[in-house]
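Inspection log for the structure reproduced underneath, given as structure tokens.
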Amino acid sequence: MPLRLLKIIREQHAKRPSFFFKKPNPRQPPCNAKHRAEWNFSHRRVNLPGGTATPRWKCPNNRLSSPLFMYRSTSCNSLRKEHSGQSVTLAGWVNSRRDHGGVIFIDLRDRDGLTQVVFRPEEHPQVSEAAHGLRGEDVIQITGKVSPRLNGTENSKLATGDIEVIACELTILNKSDVPPFPLDSKLANEDLRLNYRYLDLRRSEMAQNLKTRHRVTKATRDYLDEKGFLEIETPILSNPTPEGARDFLVPSRLNPGSFYALPQAPQQYKQLLQVAGLEKYFQIARCFRDEDLRADRQPEFTQIDVEASFVTESELQSLIEGLLFRVFKETRGVEIPTPFPRMTYADAMDRFGSDKPDLRFGMELKSLTEVFKDTQFKVFRSVLDGGGVIKAINAKGAAEHISKEQLKKWEEWVKTELGAKGLAYIRFKDGEWESPIVKFFTDAEKKALAEIMEFHEGDVLFFGADQWQPASEVLGRVRLRAAELLKLIEDSSALKFLWVVDFPLLQFSPEDNHWAAVHHPFTRPRTEDLHLMESGDYGKIRAVAYDVVLNGVELGGGSIRIHERDLQSKLFGILGVGPEEQQIKFGHLLKAFSFGAPPHGGIALGLDRLVMLLCGAESIREVIAFPKNNRGVDLMTQSPVEVEPRLLRDLAISSTAKKA
RNA sequence: GGAGUCUUAGCUCAAUUGGUUAGAGCGCCGCCCUGUCACGGCGGAGGUUGCGGGUUCGAGCCCCGUAGACUCCGCCA
């Protein structure tokens, strides 16, 4: 371990300068818990022996661990006017320097804040001379006297702005190279920030984000502990999941040719803990999914994972409402209104075109199927004849914000990106209905349309004509984009929570030609829909599943699970998993269910997304200390890397990747 | 796998219709400066315009390819 020499320049009030070197004892941190408790503003300092010419280590090893010598007596955000006159020692980074040739000001930064340090040549010439050489990000330790700032020089922008510390000692603990990007101004490229993440995290904004994250997990643990939940860890090395996302595989050296998988979620384990009779489980669980990344998706992410026995849907929802209340109270200081409104999946899709509707604004989808039931407009006619629907939204006041050219671009966008057949629109400008389709409408249709949509001067209508689901989804996306255009959600501090409930249990997948679980295969069908499993009307079965949504972001989702062996087996069958495959892949679970599994259910919240929203960040990368980029690469460590062939041999695997 | 946007000094960005030696602010280096707080003043260094090719008398700018970053679709709760 390289030991850095530490240059100490110290000067006592008697102006007896001495220069010497010291090194810390790496095995004995100077600030252990016991000594931290003894920090105070009036601790005594001791003179360290020193020579002048030869750099020498003079301080006995145990000196550093003595409470009489510490790196600092307090933090850079703690000193106020009432501490005036006290002698303090601060340690931190040079945030900025203002060198007037004579007097020098340094803003000293640590995790908690800034303190202005003053070097006065007329009082401490040697120390001030050394201070001229200070540069940004140097790590220093200073000792000095807390003084009220001169009249009129207080800085209201700083919490410590009423005081400054007049330095009489300066120790340069470690010089810094010039940082590759400024830490105080506009944000640099994200890849540069990720390359030097340890510097990026020095910025107070990032430090704040990580503090908020800590408070969220702390509040979560406190709250769930109070509610009787046990934090239980589950394996990271587990089995591949047959359904859902791609797994990260881990080869087993001891069992050549066999693989573990990293868990996509602790789903089966948390259910087995219920069978085990632990009754109330939670975990701040790391989850892994090998899928393409997004601003709100990382290959590894964290869930607040909860499962309980003998609970109903509404009990679980109240529990989570209480948790979110606590989290928002302790991080943002706001009291969110509970209980959250409930909306069925069918309602959410029909009115907002989304299973995670953003309720901060209206612009609801309206059905025009009735208006156009006799239409001669060919496009609408064929949709209606095919059992489809006509729906529309009214972007109030959008006419002045969007040109005809832009409207064409929007149409292009829904076609290429959303796979829609088109996007009809009417722009109400200067008393005219500008639209390629209005000429096909009868006067009666126009009148009814205007009435239902409350269509007025300055508005823009968007139409969706398709089967109910795709028509709603496309308009749901247009609704969000229109809200962005109209700046409906900018600067909004609104927090619109809701539960979306009664999700469909199953959805038919045309590509794979079989039914797939919408939530996951352990989700419980609603009792009143059980008969549909017999009749084969699988698409109409509703699940006891619920998502909690905030401002259009899915914070988490859960369900009441199947706890009966036979029902679970039957559902696997519908999903196309035959009895043999069930035994191989889910035998342990089915067997467990046959030993008196209690009714149970749970939920998982996306911690990263939750913290992102609490921090007002645009990406979960802003609330993860060391995230990976778009391609799953950690730019700082270059992970993932190629490995020695020998390592692959040990694991009995080989790579088929083509070398560049 | 696909689409879009972007890539110019250490950082953030300019550069008119394709036209002289590619500029500015910040940062950096040097000198000056005793109450600043994004201190100030003077001076200086710093560029293969991501990379490769093409069109042109002439390319940072136009075209083709390629690499990388970000956003989105597919994928993924």
Side-chain angles (χ1 to χ4, degrees), chain A residues 95-108 114-123 125 128 132 135-137 147 149-158 160-161 164 166 177-196 199 241 243-247 264-265 267 287-299 301 303 355-356 409 412-420 477 480-481 500 503 511 516-520 523 545-549 553-559 603-606 609 618-619 621 629-631 633 635 660:
Chain A
N95 196 61
S96 62
R97 72 198 149 94
R98 294 175 289 281
D99 186 341
H100 290 249
V103 67
I104 302 164
F105 300 97
I106 295 285
D107 284 345
L108 190 64
L114 292 176
T115 298
Q116 173 163 286
V117 179
V118 189
F119 295 91
R120 287 180 176 152
E122 72 274 16
E123 293 179 33
S128 296
H132 282 301
R135 292 295 181 271
E137 301 311 309
S147 303
R149 293 210 187 172
L150 303 180
N151 259 343
T153 66
E154 298 88 352
N155 185 350
S156 58
K157 283 187 253 172
L158 289 184
T160 59
E164 58 197 6
I166 316 293
D177 283 347
V178 177
F181 57 90
L183 302 187
D184 55 350
S185 60
K186 233 189 298 189
L187 278 186
N189 266 329
E190 198 175 2
D191 54 334
L192 196 65
R193 292 173 55 204
L194 290 175
N195 235 304
Y196 296 91
L199 295 181
T241 325
E243 284 205 48
R246 251 188 299 272
D247 290 301
Q264 296 181 24
Q267 183 59 38
C287 305
F288 306 85
R289 287 174 195 165
D290 188 10
E291 293 292 348
D292 287 5
L293 307 181
R294 290 281 194 284
D296 61 353
R297 253 194 260 161
Q298 283 272 302
F301 59 99
Q303 283 188 345
D355 62 357
K356 44 178 194 285
K409 279 191 181 162
E412 198 55 33
W413 162 67
V414 299
K415 280 185 185 167
T416 56
E417 289 199 18
L418 310 180
R477 295 289 300 271
L480 291 179
R481 188 156 175 189
V500 177
F503 276 82
E511 305 95 68
V518 169
H519 187 58
H520 56 54
T523 306
Y546 32 85
D547 279 3
V548 59
V549 174
V553 176
E554 181 196 328
L555 281 185
S559 61
I603 191 167
L605 303 179
R609 281 184 197 173
E618 299 266 305
S619 155
R621 294 188 296 268
N629 76 359
N630 237 354
R631 293 192 316 163
V633 173
L635 291 171

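Residue numbers start from 1 in every chain, and the chains themselves are labelled A, B, ... in the order their sequence lines are given, proteins ahead of strands. When reading the values below, keep in mind they use all heavy atoms of this one structure, side chains included, and skip hydrogens, waters and symmetry mates.
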Checklist outcome for this item: From NE2 of A:H132 across to C1' of B:rC32 the rounded distance in Å is 12 Å
Next on the checklist: For a quick check of understanding: with a heavy-atom distance under 4.0 Å over all strands, which category does A:E412 fall into, base, sugar-phosphate or nothing?
Outcome noted: nothing
Next on the checklist: Are B:rC11 and A:F181 stacked, with the base six-membered ring and the side-chain ring centres under 5.5 Å apart and planes under 30°?
Outcome noted: no
Next on the checklist: Would you measure the distance from the C1' atom in B:rC13 across to the matching atom in B:rG74 and give it in whole Å?
Outcome noted: 35 Å
Checklist entry - Got a second to check how far A:Q264's CD is from A:D247's CG, nearest 0.5 Å? => result 4.5 Å
Checklist entry - Under the 3.5 angstrom rule, does the side chain of A:T160 hit a backbone N or O of A:L114 as a donor-acceptor pair? => result yes
Next on the checklist: Rounding to an integer number of angstrom, what distance separates B:rG25 and B:rU21 when you compare their P atoms?
Outcome noted: 22 Å
Checklist entry - Rounding to the closest angstrom, what is the interatomic distance between B:rU49 and B:rC11 at atom P? => result 15 Å
Checklist entry - Is it true that a side-chain atom of A:Y546 and a backbone atom of A:S559 form a donor plus acceptor pair closer than 3.5 Å? => result yes
Next on the checklist: Return the pairing partner of B:rU49 with a 3.5 Å limit on both distances, Watson-Crick or G-U wobble; otherwise return none.
Outcome noted: none
Checklist entry - Donor-acceptor pair, A:R98 side chain versus A:F105 backbone, under 3.5 Å? => result no
Checklist entry - In Watson-Crick or G-U wobble terms, both distances under 3.5 Å, what is the partner of B:rU5? => result B:rA69
Checklist entry - Taking any strand in view, what nucleotide pairs with B:rC31 in a Watson-Crick or G-U wobble way, both distances under 3.5 Å? => result B:rG41
Checklist entry - When the P atoms of B:rA3 and B:rG46 are considered, how many whole Å apart are they? => result 42 Å
Next on the checklist: Return the pairing partner of B:rA77 with a 3.5 Å limit on both distances, Watson-Crick or G-U wobble; otherwise return none.
Outcome noted: none
Item to check | Contact pattern, 5' to 3', of nucleotides 39-49 of chain B - B, S or - by protein heavy atom under 4.0 Å | outcome: B----------
Checklist entry - For A:R149 and A:N155, what are the C-alpha separation, side-chain angles and deciding distance, and is it a side-chain contact (heavy atoms from CB on, under 4.5 Å)? => result CA-CA 9 Å; A:R149 293 210 187 172; A:N155 185 350; 3.4 Å; yes
Item to check | A:N629/A:D191 under side-chain contact (heavy atoms from CB on, under 4.5 Å): CA gap, chis, key distance, verdict | outcome: CA-CA 8 Å; A:N629 76 359; A:D191 54 334; over 6 Å; no
Checklist entry - Taking atom P in both B:rA38 and B:rG50, what distance in whole Å separates the two? => result 35 Å
Checklist entry - Under the side-chain contact (heavy atoms from CB on, under 4.5 Å) criterion, do A:F301 and A:R289 qualify, and how do the steps go? => result CA-CA 9 Å; A:F301 59 99; A:R289 287 174 195 165; 3.5 Å; yes
Checklist entry - Between A:E291 and A:R297, does a salt bridge (Lys or Arg N to Asp or Glu O under 4.0 Å) hold up when you go through it step by step? => result CA-CA 9 Å; A:E291 293 292 348; A:R297 253 194 260 161; over 6 Å; no
Checklist entry - So what does A:R135 touch, heavy atoms closer than 4.0 Å: a base, only the sugar-phosphate, or nothing? => result sugar-phosphate
Checklist entry - Roughly how far apart, to the nearest Å, are B:rG47 and B:rA14 at atom C1'? => result 15 Å
Checklist entry - Taking A:E137 for the side chain and A:P179 for the main chain, is one N or O donor matched with an acceptor at less than 3.5 Å? => result no
Next on the checklist: Please give the distance between the C1' atoms of B:rC61 and B:rU55 as a whole number of Å.
Outcome noted: 14 Å
Checklist entry - Just by protein heavy atoms under 4.0 Å, how would nucleotides 66-77 of chain B read 5' to 3' in B, S and -? => result --SSBBSBBBBB
Checklist entry - Taking atom C1' in both B:rU34 and B:rC39, what distance in whole Å separates the two? => result 12 Å
Next on the checklist: Could you work out, with side-chain contact (heavy atoms from CB on, under 4.5 Å) as the rule, every residue matching A:E412, not counting sequence neighbours?
Outcome noted: A:T416
Checklist entry - Given atom CG of A:L192 and atom C1' of B:rG27, what is their separation to the nearest angstrom? => result 13 Å
Checklist outcome for this item: Here the distance between atom P of B:rU34 and atom CD of A:E164, to the nearest Å, is 17 Å
Next on the checklist: Between C1' on B:rG27 and CG on A:D184, what's the gap in Å once rounded to a whole number?
Outcome noted: 10 Å
Checklist entry - Using purine N1 to pyrimidine N3 plus N6-O4 or O6-N4 for Watson-Crick, or N1-O2 and O6-N3 for G-U wobble, each under 3.5 Å, what pairs with B:rC62? => result B:rG54
Item to check | Strand partner of B:rG25, provided both Watson-Crick or wobble distances fall under 3.5 Å | outcome: B:rC11
Next on the checklist: Does atom OH (A:Y196) have a neighbourhood of more than 12 heavy atoms from anything else shown, all under 6.0 Å?
Outcome noted: no
Item to check | Under-4.0 Å side-chain N/O to phosphate OP1/OP2 contact, A:K409 with B:rG4 | outcome: no
Checklist outcome for this item: A:R193 atom CZ is separated from B:rG10 atom P, nearest whole Å, by 20 Å
